[in-house]
Number of protein chains: 2
Amino acid sequence: MNKKQDLPWDNPRFKNWIAVVQAEKAIVRALTKALQPFDLKIGQLDVLMNLYRHPGMSQHDVARKLLVGRSNITMLLPQLERQGLLRREGDAKDKRVLRLYLTEDGEDVLLKALKVYTELIDTVMANSSPAQCDALGDQMRRISEMLKEA
Amino acid sequence: MNKKQDLPWDNPRFKNWIAVVQAEKAIVRALTKALQPFDLKIGQLDVLMNLYRHPGMSQHDVARKLLVGRSNITMLLPQLERQGLLRREGDAKDKRVLRLYLTEDGEDVLLKALKVYTELIDTVMANSSPAQCDALGDQMRRISEMLKEA
DNA sequence: TGCTTTTTGTTCATGCTTGAACGATACTGT
DNA sequence: ACAGTATCGTTCAAGCATGAACAAAAAGCA
């Protein structure tokens, strides 16, 4: 048993998944540097991105969307609020929840940061056609679906 | 300018890359839990995996391969050494470098952990054919190549 | 050979992330 | 109405990762 044959590196799914992890790490490092001029961490950018598309999300919603703990969001927000990029408003009906909204400055910074992000991705994926990217995304979304149920 | 049209979410590369990030986060969480019985963190598993394939790597080599800082490896090793999963030997010719080798226990634990890892990946990517996985991996390896030069 | 520069691994302070415990608020079922 | 349960956000301690500064060793070079 356990000959070279059944080593994970010969498993197409596993072998190629490792490549995904490697690429993701590489981009995280590149993006972290690229965001320094904006004084933004990737986690903060993630929050802004979600608020742009879904204004009024609660902190709990944001945490679940980003797959991080609620406390993470709590610790993340004060700096963004101090920078004037977003504001928190207590929900009128449910006094527990705080709803988050981008300020104009926040939207401004977000769009500039997104430009940098998009250019980075466009560069490193220049050799992938839109169709290939869609196929890629489909596989990834299936993975997320599989794990959402757990 | 900046109409809805040129929002990043309409950019195929960007949009689908976001799906990659989401899937990667989801798997990291699942894998972290799956590795708890082995008392292994993902970073530690990464080290063991590389040593299995390339025995005698230096700490610097490992760090570069894993895209982490050298200090990260320094902080990671004592626990693995205490658990008896690997051993460090000073290089004879270059007294600065420490070469890393898996012990038999280390290889044993690694193979068991890899089995869990592989099963997880096989499950969540069950809907991707080997050919699709290869296409996926090719795109990812191209990304890593692009960023290696930077 | 000597002197300078690189490289390797370590240490340390900093910041990020996590999960558990908590108070406040809302919901549920009787 | 009310007792028990669940949810939201916060706090806190612990574990990790990072990068700068450092000592030892090696390499480059005159």
Side-chain angles (χ1 to χ4, degrees), chain A residues 21 24-36 39-48 50-51 56-83 86-101, chain B residues 21 24-36 38-47 50-51 56-83 86-101:
Chain A
V21 174
E24 206 268 348
K25 276 200 226 169
I27 291 207
V28 163
R29 290 186 85 78
L31 181 58
T32 300
K33 275 183 187 164
L35 289 180
Q36 277 176 2
D39 253 310
L40 272 185
K41 306 276 156 50
I42 293 183
Q44 300 174 325
L45 178 60
D46 286 339
V47 172
L48 298 184
N50 274 279
L51 290 185
M57 283 181 98
S58 71
Q59 298 187 189
H60 177 259
D61 290 338
V62 175
R64 195 158 38 84
K65 199 94 191 309
L66 299 183
L67 301 178
V68 298
R70 280 161 293 160
S71 56
N72 190 342
I73 303 298
T74 299
M75 311 278 290
L76 216 52
L77 291 187
Q79 189 181 347
L80 289 175
E81 222 174 356
R82 247 182 280 119
Q83 293 177 273
L86 58 79
R87 63 179 199 281
R88 298 198 271 185
E89 292 182 8
D91 186 294
K93 307 191 174 178
D94 189 335
K95 292 179 184 172
R96 292 171 303 179
V97 339
L98 295 175
R99 309 223 157 264
L100 308 177
Y101 302 91
Chain B
V21 175
E24 207 268 348
K25 276 200 224 170
I27 291 205
V28 162
R29 290 185 86 79
L31 181 58
T32 299
K33 274 183 188 164
L35 289 180
Q36 277 175 3
F38 301 100
D39 254 311
L40 272 184
K41 305 277 155 56
I42 293 184
Q44 299 175 325
L45 178 61
D46 286 339
V47 171
N50 274 278
L51 290 185
M57 284 180 96
S58 71
Q59 298 188 190
H60 177 259
D61 290 339
V62 175
R64 195 158 39 85
K65 199 96 192 309
L66 298 184
L67 301 178
V68 299
R70 281 160 294 162
S71 57
N72 190 342
I73 302 299
T74 299
M75 311 277 291
L76 217 52
L77 291 187
Q79 191 182 346
L80 290 175
E81 222 173 355
R82 245 182 282 117
Q83 293 178 273
L86 58 79
R87 62 179 199 281
R88 298 198 271 186
E89 292 182 6
D91 185 294
K93 307 192 176 178
D94 189 336
K95 293 178 183 171
R96 291 171 304 178
V97 340
L98 294 174
R99 307 224 158 263
L100 308 176
Y101 301 91

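Just so it is clear: chains get the letters A, B, ... in the order the sequence lines come, proteins before strands, and each one is counted from 1. Values reported hereafter were calculated over all heavy atoms of this structure, with side chains retained and with hydrogens, waters and symmetry mates removed.
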Candidate nucleotides dT11(D), dT10(C), dT10(D), ranked by approach to the side chain of L98(A) - the nearest: dT10(D)

Over all atoms of both residues, closest heavy-atom pair of R29(A) and V68(B): NH1-CA, 4.3 Å

Atom of L98(B), atom of R88(B) and distance for their closest heavy-atom approach: CD1-NH1, 4.0 Å

Verdict with supporting geometry, E24(B) and V21(B), side-chain contact (heavy atoms from CB on, under 4.5 Å): CA-CA 5 Å; E24(B) 207 268 348; V21(B) 175; 5.7 Å; no

From CA spacing to verdict: side-chain contact (heavy atoms from CB on, under 4.5 Å), L80(A), L40(A): CA-CA 9 Å; L80(A) 289 175; L40(A) 272 185; 4.1 Å; yes

Sequence-aligned protein contact record of nucleotides 23-28 of chain C, with B where the base is within under 4.0 Å of a protein heavy atom and S where only the sugar-phosphate is: -BBS--

Check: T74(A) side chain, dG9(D) base, donor-acceptor under 3.5 Å: no

Gap between atoms [atom1] and [atom2], on [X] and [N] respectively (whole Å):
X       : N       : atom1 : atom2 : value
L100(B) : dT8(C)  : CG    : C1'   : 12 Å
M75(B)  : dT18(D) : CE    : P     : 11 Å
R64(B)  : dT7(C)  : CZ    : P     : 11 Å
L80(A)  : dC16(C) : CG    : P     : 11 Å
N72(A)  : dC12(D) : CG    : P     : 17 Å
D39(A)  : dG15(C) : CG    : C1'   : 14 Å
R70(B)  : dC12(C) : CZ    : C1'   : 15 Å
D46(A)  : dT17(C) : CG    : C1'   : 14 Å

Touch class at under 4.0 angstrom, heavy-atom based, for R88(A) against every strand present: sugar-phosphate

Touch class at under 4.0 angstrom, heavy-atom based, for I73(B) against every strand present: nothing

CG-CG distance between N50(B) and L45(B), expressed to the nearest 0.5 angstrom: 10.0 Å

Short side-chain N/O contact from Q59(B) to OP1 or OP2 of dT10(C), under 4.0 Å: yes

Short side-chain N/O contact to dG15(C) OP1/OP2 from Q79(A), under 4.0 Å: no

Heavy-atom check, side chain of D61(B) versus side chain of R64(B), under 4.5 Å: yes

Salt-bridge criterion met for R96(B) and D94(B) (N-O under 4.0 Å): yes

Pairwise 5' ranking along DNA chain D for V97(A) and R29(A), keeping only the more 5' one: V97(A)

